[in-house]
Each structure stands twice: as C-alpha cells, then as structure tokens.
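One structure is given below, encoded as structure tokens.
All figures in this text were calculated on a predicted structure; none of them were measured in a lab. In what follows, every chain begins at residue 1, and chains take the letters A, B, ... in the order their sequences are listed. What's counted below: heavy atoms across the whole structure, side chains too, no hydrogens, waters or symmetry copies.
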Amino acid sequence: MTVRVRFCPSPTGSPHVGFARAALYNWVFARHHGGTFVFRIEDTDKARSTEESYQGMLGAMRWLGLDWDEGPEVGGPYGPYRQSEREDLYREVLAKLAGSSYTYDCFCTTEEVDARRKAAGSKVQGYDGFCRDLDAEQRAAFEAEGRAPIVRFRMPDGSVTWQDLVRGEVSFETEFVPDFALCRANGDPLYTLVNPVDDALMRITHVLRGEDLLSSTPRQIPLHRALVELGVSEAVPEFGHLPLIMGEGNKKLSKRDPQAHLFMYRDQGFLPEGLLNYLALLGWAIAADRDVFTLEEMVEAFDIADVNPNPARFDLKKASAINGDHLRMLSVEEVTHRVLPFLKQAGVVGDPVGDADAQLLEQAMPLVAERIGKLTEAVDLLAFLFVDEADFSVDEADAAKLLDEQGREVVRAALDAVEGLPTWSTAAIQEALQASLVEERGLKPRVAFGPVRVAVTGRRISPPLFESMELLGRDRTLSRLRAAVA
RNA sequence: GCCCCGUUCGUCUAGUGGCCCAGGACGCUGGCCUCUCACGCCGGAAGCACGGGUUCGAAUCCCGUACGGGGUACCA
C-alpha cells in the first residue's frame with residue numbers, strides 16, 4: 001500500500017510553529033515511506049478564511065522547503081485542493097449519507113438542546129438525539145413551523161477504539177460522543193463532514209495531526225466506515241495524534257502569542273533547516289546523544305512510533321542554539337548568500353550589490369560567518385565596513401565606556417604606531433599595535449585594543465580588529481582614529 | 001462538570017524489567033583558549049510526581065491519587 005498523508009491548514013491568520021511542526025512530521029513521514037504528501041487548504045469557514053492567509057501558508061511551506069506532491073499550484077489526481085472549490089463534491093456525498101440510515105434530519109435549535117440537557121441534569125454536553133427517530137407527522141409539524149433541518153450523523157452504540165500511531169490504543173464510549181452536525185441549516189458543509197470526506201476521497205492512508213483533534217477521531221472513524229459502506233471510499237485511514245507545542249503559561253501555543261508566528265523566525269534570521277530541526281526535537285529524537293541533524297537524516301531515521309506523546313514547551317534559547325549549529329554547518333559562500341537579503345534590506349549594501357561591495361563582502365564574511373547565531377546578526381557586525389564615512393558613528397554607550405581620557409590616549413598611540421606603516425596588512429597592523437601598546441606601554445591586550453576597536457568599528461563587539469582595519473583600508477581607518485581623539 | 005490524553009534534571013529528550021546510585025542537549029555555573037564577541041575544550045549543580053501492588057529485581061508492567069493538558073459548536 002502506498003502511503004498518502006496530508007497536511008491541511010485553515011487559512012485563518014498567519015502560519016505558526018504548530019503549523020510548521022505538523023507539516024514537517026507529515027512531510028517526513030511521506031518521504032520516509034516513499035509516499036505522497038498532499039497539501040490541502042481547509043477554507044470552508046468563509047467568514048474566517050482570507051486570501052492573504054492562504055498566500056502566507058504557501059509562502060511558509062516554500063520557506064520551510066517542504067514540497068508537496070499534490071495540492072495548490074501543482075494540482076493532482078484528486079483536486080481541486082482547496083475546499084472552497086469542492087462544494088459540489090461535498091453536497092454529493094452529503095446526499096448519499098442523507099439517503100442512508102447513517103444520518104438523520106434534525107430540527108432542533110441549540111437553545112432547545114441546551115434547555116433539555118439542563119432539565120435532564122445531563123453530564124454530557126452537545127446534542128441529545130431528540131430527532132433521531134422522528135415520524136412523518138413530527139417532521140411535518142417542524143416544517144410547518146418553517147424550520148430548516150440540518151443533517152446529523154448517528155453515532156453507533158458501544159465504543160470506538162483505534163490503535164493510535166503515537167499513543168497506542170485509544171477508546172471512547174459513544175454515549176459521550178453526541179450525534180454531530182454535518183452541515184449548516186443552509187446546506188453549507190461543515191468541517192465535521194468535509195475533513196473526513198476529503199481524506200476519504202483523496203485516499204489518505206495516515207492522518208497525522210495535533211492532539212487537539214484527538215477527540216474528533218471517535219466521530220470520524222464511524223463516518224469513514226459509513227463512507228466505505230456507501231462506496232465513497234475504500235478504507236478507514238490510520239490515525240496518529242502528535243503532542244501539542246506549548247507556549248508561555250503552559251498553554252497551547254496560540255496565534256495570539258508573538259512567539260508562535262513562523263515569519264517572526266524567518267525575519268529574525270533563523271534558517272529554515274535550523275527551525276525545522278528544533279521543531280523535530282519537540283517529540284522526537286534521532287539518537288540518545290545527538291540533536292543536530294539534517295532533513296535528509298531525519299527522513300532516513302523517522303518512525304512515527306518513536307514520537308513522544310507528551311506536550312512540549314517551546315524554548316527559544318534552544319531553538320537559537322540549534323539554529324547556530326546549522327549556520328556553522330554551512331559554507332561561508334552559503335552563509336553569504338543567505339545573509340545578503342538582510343544586508344540589502346538594512347541598506348548596508350545596495351540592490352543590486354556593487355562590485356566593490358561584493359568583493360568586500362567576500363573578504364569579510366569569513367570573519368563573521370562563524371560568530372553569528374542568526375542571519376540578522378551579520379548586519380550589525382558588517383555595517384561599519386560598508387557605511388559612508390559621513391554616516392559613520394560610534395555607539396554612545398560603548399564610547400562612554402572605552403573612549404574616556406585613558407582610552408583616547410591609547411587611540412592616539414595607536415594612530416602614531418600605524419600612520420606611517422609601509423604596508424597596510426593585518427600582520428603589519430597587528431605587529432605595530434602590539435609593539436607600541438602592549439610591549440612599549442605595558443598595556444594588557446584587552447585594555448589596548450578595546451578603545452581602538454570602538455574607534456574603528458563603532459562598537460565594542462566586532463569582527464577581529466586587525467583584519468577589520470585591513471579591510472576598512474588605511475584612509476578610512478586613520479580618519480576614524482583621528483575623529484575619536486579630536 | 002463530563003470525556004480523553006499525558007507525567008524522567010528549569011526546558012527538550014534517551015530509556016520498552018536487570019547494562020541506570022538514570023545518558024545527551026539547551027540553559028545555568030567554575031575554568032581553559034583569547035584583541036572584543038562568538039566558536040571550541042575541560043569540569044559542576046540539577047530529574048524518574050506520590051502511594052500501593054506484580055516481580056528475585058521497576059524509571060520501565062498494573063491500580064489509585066495528585067497535578068498538567070486537550071476536547072466538549074449549525075469553528076477548524
């Protein structure tokens with residue numbers, strides 16, 4: 001049997017980290033088994049779905065590098081893949097169900113149901129089955145009142161049990177699972193119908209989703225069985241419920257939580273492979289003593305049975321650390337390529353990049369590639385090399401600390417030592433400063449080079465000083481040293 | 001309230017009855033390296049929720065309790 005899995009977000013709001021994790025696990029599962037990864041858009045809720053959000057979902061998948069075999073823009077044999085374009089299909093299936101004994105028409109309002117539940121002192125919430133066995137006369141009476149019925153699924157007696165791919169055996173007594181609505185009174189199909197119907201129609205074999213949907217499974221399995229019985233599909237899929245990702249306060253990470261937003265990580269300079277690696281760790285481990293790996297390695301090693309069922313807290317610090325490890329796995333050329341958009345956006349280099357800047361960048365990147373944990377950090381480290389001399393400024397707080405009277409004295413000495421250098425090279429600069437400041441004046445290296453660093457780069461934290469001075473060039477370096485002591 | 005799921009260092013995890021007086025990672029912390037910051041290296045503190053069983057033997061199996069989470073719509 002060929003594995004077919006799907007990832008089916010609702011385009012409401014911006015994609016969040018739970019989105020990325022669910023997409024990742026489904027994608028990896030499909031790739032591991034050589035199966036098909038279906039991307040479907042669940043936009044049946046017309047009031048909440050937006051085109052902007054839809055575009056965001058596609059953009060998020062592309063940024064993450066999770067490609068889909070069937071879905072929007074690539075098509076496939078079971079399309080269309082946006083539920084808003086599948087309404088005819090749902091109405092067709094709904095008609096089949098309505099013509100069977102698996103469903104019944106229900107005329108009750110929510111208020112009536114609540115009132116009856118309350119009066120009966122029932123512990124169970126939701127529908128009470130009032131309309132299950134209406135006769136023709138009762139139907140006629142409701143219709144005479146002008147009521148439009150909805151279609152409800154008739155839950156079977158007994159229990160629903162399945163082998164959850166992540167949790168093992170899970171079982172619900174159906175007395176606690178009320179008959180549920182499949183459509184609105186106006187005929188609009190609901191998620192309860194549409195999600196399992198699409199899984200059935202698209203021949204999905206494994207449903208991997210968040211634990212928040214665990215309690216909808218005892219409704220979906222009987223519905224799937226009915227669909228098989230009615231010839232709509234061939235088999236009931238297997239289910240696996242992934243642990244939820246928790247945020248602050250140990251609540252499910254919600255769209256309201258700023259840490260939840262995927263694009264925040266992209267904009268902060270996370271690598272998609274770094275974020276994905278971290279997300280994979282929330283519920284899965286590749287080995288006992290290892291937690292940095294590539295997507296390919298994950299595809300190779302992934303087994304849904306190894307996924308941990310308990311919820312995990314999102315830890316930004318560890319996510320950053322893993323991201324840093326991935327950054328250091330990249331070649332300098334690759335880091336340069338990834339950093340470039342951030343440099344352009346910050347206006348550090350032009351767009352397109354000029355020849356001189358490109359050359360300078362190529363020389364400077366080896367100095368910064370290893371010392372950043374996020375792509376945006378390169379911008380701060382590199383800006384001093386590219387800025388127009390007129391716009392160069394020294395960080396005030398850093399200047400206050402290091403360019404005091406004593407610091408300026410050091411800078412004067414540095415200026416003397418370096419001004420007449422016959423060759424302007426890292427080695428020559430280092431030798432001259434070392435001799436003058438450390439050996440001659442007996443200064444500790446950090447005391448000697450700190451003020452010079454601030455004067456030349458504008459900050460206490462910078463790429464290595466002597467290399468920086470060489471790259472900056474003699475003229476600009478000297479003018480900055482003079483400016484610092486003026 | 002009711003139903004379901006879960007519970008190993010602060011956090012993420014390894015562990016599927018003896019290899020565990022519990023291993024790794026992030027974080028924290030002492031030190032080394034060092035022109036700053038990172039990186040790298042060496043060391044430290046820190047955990048099997050609790051109570052009963054089962055067993056020669058339990059972090060691992062069973063029951064209960066506590067705690068946490070999810071669900072409970074004509075949302076998805």
Side-chain angles (χ1 to χ4, degrees), chain A residues 8-12 42-45 47-49 83 106 108-110 113 122-127 148-152 164 166-167 170-173 175-178 180-192 194-195 210-218 241 243-244 246 250-252 278 281-292 306 308-322 324-325 328 368-373 377 380-381 398 402 430 433-434 437-438 444-450 452-454 457 459-468:
Chain A
C8 51
S10 298
T12 58
E42 305 228 326
D43 55 352
T44 50
D45 188 340
R48 293 199 302 153
S49 302
Q83 292 186 331
C106 170
C108 301
T109 65
T110 311
V113 176
S122 170
K123 287 176 173 179
V124 183
Q125 298 283 304
Y127 195 63
I150 61 167
V151 178
R152 270 189 202 280
D164 194 276
V166 174
R167 280 149 220 276
V170 178
S171 188
F172 284 76
E173 297 300 321
E175 62 177 300
F176 300 113
V177 186
F180 55 97
L182 296 175
C183 65
R184 291 200 168 93
N186 66 6
D188 283 353
L190 292 166
Y191 163 81
T192 48
V194 146
N195 176 277
E211 192 194 346
D212 51 340
L213 290 162
L214 183 70
S215 53
S216 74
T217 306
H241 292 88
L244 258 19
M246 315 304 260
N250 216 29
K251 289 284 178 202
K252 183 172 82 162
Y278 175 68
L281 255 18
L282 264 25
W284 183 77
I286 196 165
D289 58 354
R290 188 171 165 221
D291 56 14
V292 178
D306 292 336
N308 208 312
N310 44 310
R313 245 234 215 20
F314 189 92
D315 179 6
L316 189 54
K317 288 225 181 81
K318 179 145 182 175
S320 301
I322 298 285
D325 286 330
R328 270 167 248 118
V368 310
E370 260 214 7
R371 19 176 65 80
I372 60 174
E377 289 165 20
D380 296 330
L381 249 21
D398 289 351
L402 289 176
Q430 174 163 13
L433 289 179
Q434 187 82 26
L437 302 180
V438 178
K444 290 195 160 149
R446 62 183 305 129
V447 174
F449 303 128
V452 179
R453 179 187 308 281
V454 173
T457 71
R459 302 172 70 224
R460 284 162 69 195
I461 298 170
S462 80
L465 180 60
F466 315 119
E467 285 85 346
S468 294

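- Taking atom C1' on both nucleotides, B:A58 is separated from B:A22 by 13 Å, rounded to a whole Å.
- The side chain of A:N310 lies closest to B:U7 when the candidates are B:C75, B:G24, B:U7.
- Rounded to a whole Å, the CG atom of A:L316 is 20 Å from the P atom of B:A25.
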So A:E211 and A:L244, side chain to side chain contact (heavy atoms under 4.5 Å, CB included) or not? Walk me through it.
CA-CA 6 Å; A:E211 192 194 346; A:L244 258 19; 4.1 Å; yes

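- The shortest distance between the side-chain N/O atoms of A:R446 and the OP1/OP2 oxygens of B:U36 is below 4.0 Å.
- Shortest non-hydrogen contact noted between A:C8 and A:N195 is SG-ND2, 4.0 Å.
- One C1' atom belongs to B:G70, the other to B:U16, and the distance between them is 26 Å to the nearest Å.
- Using P as the reference atom, B:A49 and B:U7 are 9 Å apart when rounded to the nearest Å.
- Shown here, B:C20 forms no base pair; nothing in the strands shown gives a Watson-Crick or G-U wobble contact with both key distances under 3.5 Å.
- For the C1' atom pair drawn from B:C67 and B:C50, the interatomic distance equals 10 Å after rounding to whole Å.
- Nucleotide B:A73 is matched to nothing when pairs are restricted to Watson-Crick or G-U wobble geometry with both distances under 3.5 angstrom.
- If you check B:U36, B:C3, B:A76 against the side chain of A:L190, the one that comes closest is B:A76.
- Partner assigned to B:C41 is B:G31, using Watson-Crick or G-U wobble distances below 3.5 angstrom.
- For the pair A:F180 CZ and B:G71 C1', the computed distance is 15 Å after rounding to whole Å.
- Nucleic acid contact class of A:P445 (heavy atoms, under 4.0 Å, all strands): sugar-phosphate only.
- As the counterpart of B:C67, B:G6 is assigned, both hydrogen-bonding distances of the Watson-Crick or G-U wobble pattern falling under 3.5 Å.
- Mapping A:K317 and A:K123 onto RNA chain B by nearest heavy atom places A:K123 closer to the 5' end of the strand.
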Once each nucleotide of nucleotides 64-70 of chain B is scored for protein heavy atoms under 4.0 Å, what B/S/- sequence comes out, 5' to 3'?
----SBS

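- In this structure, CD of A:Q125 is placed 11 Å from P of B:C2, rounded to the nearest angstrom.
- Atom C1' of B:G23 sits at a distance of 13 Å from the matching atom of B:C48, rounded to the whole Å.
- Nucleotides B:U29 and B:G71 have their P atoms positioned 37 Å apart, rounded to a whole Å.
- Counting non-hydrogen atoms under 4.0 angstrom, A:E467 reaches a base of the nucleic acid.
- Within the 4.0 Å cut-off from OP1 or OP2 of B:G10, not a single side-chain nitrogen or oxygen of A:R313 is found.
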One pair to check against side chain to side chain contact (heavy atoms under 4.5 Å, CB included): A:I322 and A:V292. What are the steps and the verdict?
CA-CA 7 Å; A:I322 298 285; A:V292 178; 4.1 Å; yes

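- Look at the C1' atom in both B:C37 and B:U13: the space between them is 30 Å, to the nearest Å.
- Contact annotation for A:L282: backbone-only contact, meaning every heavy-atom pair under 4.0 Å involves sugar-phosphate atoms and none involves a base.
- The base of B:C35 sits with one of its N or O atoms less than 3.5 Å from a complementary donor or acceptor on the side chain of A:R453.
- Remark: B:A25 base-pairs with B:U11; criterion is Watson-Crick or G-U wobble with both hydrogen-bond distances under 3.5 Å.
- Using a 4.0 Å heavy-atom criterion, one finds that A:S171 contacts the sugar-phosphate atoms exclusively.
- Residues A:T457 and A:S462 share a closest heavy-atom pair of OG1-CB, 3.6 Å.
- Distances shorter than 4.0 Å separate some side-chain N or O of A:T44 from OP1 or OP2 on B:A76.
- When the P atom is used for both B:C28 and B:G10, the distance is 16 Å, rounded to whole Å.
- Between A:D380 and A:R459, the closest heavy-atom pair is O-NH1, 3.2 Å.
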Show the numbers, then the answer: is there a side chain to side chain contact (heavy atoms under 4.5 Å, CB included) between A:D164 and A:L214?
CA-CA 10 Å; A:D164 194 276; A:L214 183 70; 4.1 Å; yes

Stepwise side chain to side chain contact (heavy atoms under 4.5 Å, CB included) test for A:L381 and A:I372
CA-CA 9 Å; A:L381 249 21; A:I372 60 174; 3.8 Å; yes

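- With sequence neighbours left out, A:R290 forms a side chain to side chain contact (heavy atoms under 4.5 Å, CB included) with A:I286, A:A287, A:F293, A:E297.
- Contact of A:R328 with B:C39 (side chain to base): no donor-acceptor pair of N or O atoms is detected under 3.5 Å.
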Set out, line by line, the N/O atom pairs under 3.5 Å between protein and nucleotides 19-22 of chain B.
none

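- One atom, CZ of A:R371, and another, P of B:U34, lie 15 Å apart when rounded to the nearest Å.
- At whole-Å resolution of the value, CG in A:D43 and P in B:A76 are 10 Å apart.
- Taking atom OH on A:Y278 and atom P on B:C12, their separation rounds to 8 Å, with Å as the unit.
- OP1 or OP2 of B:A14 sits under 4.0 Å from a side-chain N or O of A:N308.
- For A:A181, the listed nucleotide lying nearest its side chain is B:C74; candidates were B:C75, B:C74, B:U13.
- Here the C1' atom of nucleotide B:G24 and the CG atom of A:D325 are 14 Å apart, to the nearest Å.
- Residue order along RNA chain B, read from the 5' end via each residue's closest nucleotide, puts A:A287 first among A:A287 and A:F466.
- Look at B:U36: it lacks any Watson-Crick or wobble partner with both distances under 3.5 angstrom.
- The distance from atom CG of A:D291 to atom C1' of B:G23 is 13 Å, rounded to the nearest whole Å.
- Shortest non-hydrogen contact noted between A:R460 and A:R453 is O-CD, 3.0 Å.
- Considering every non-hydrogen atom in both A:P243 and A:P309, the closest pair reads CB-O, 3.7 Å.
- The two residues A:R184 and A:I150 have their closest heavy-atom pair at C-CG2, 3.7 Å.
- Picking from B:C74, B:A76, B:C12 the nucleotide with the shortest atom distance to the side chain of A:R152 gives B:C74.
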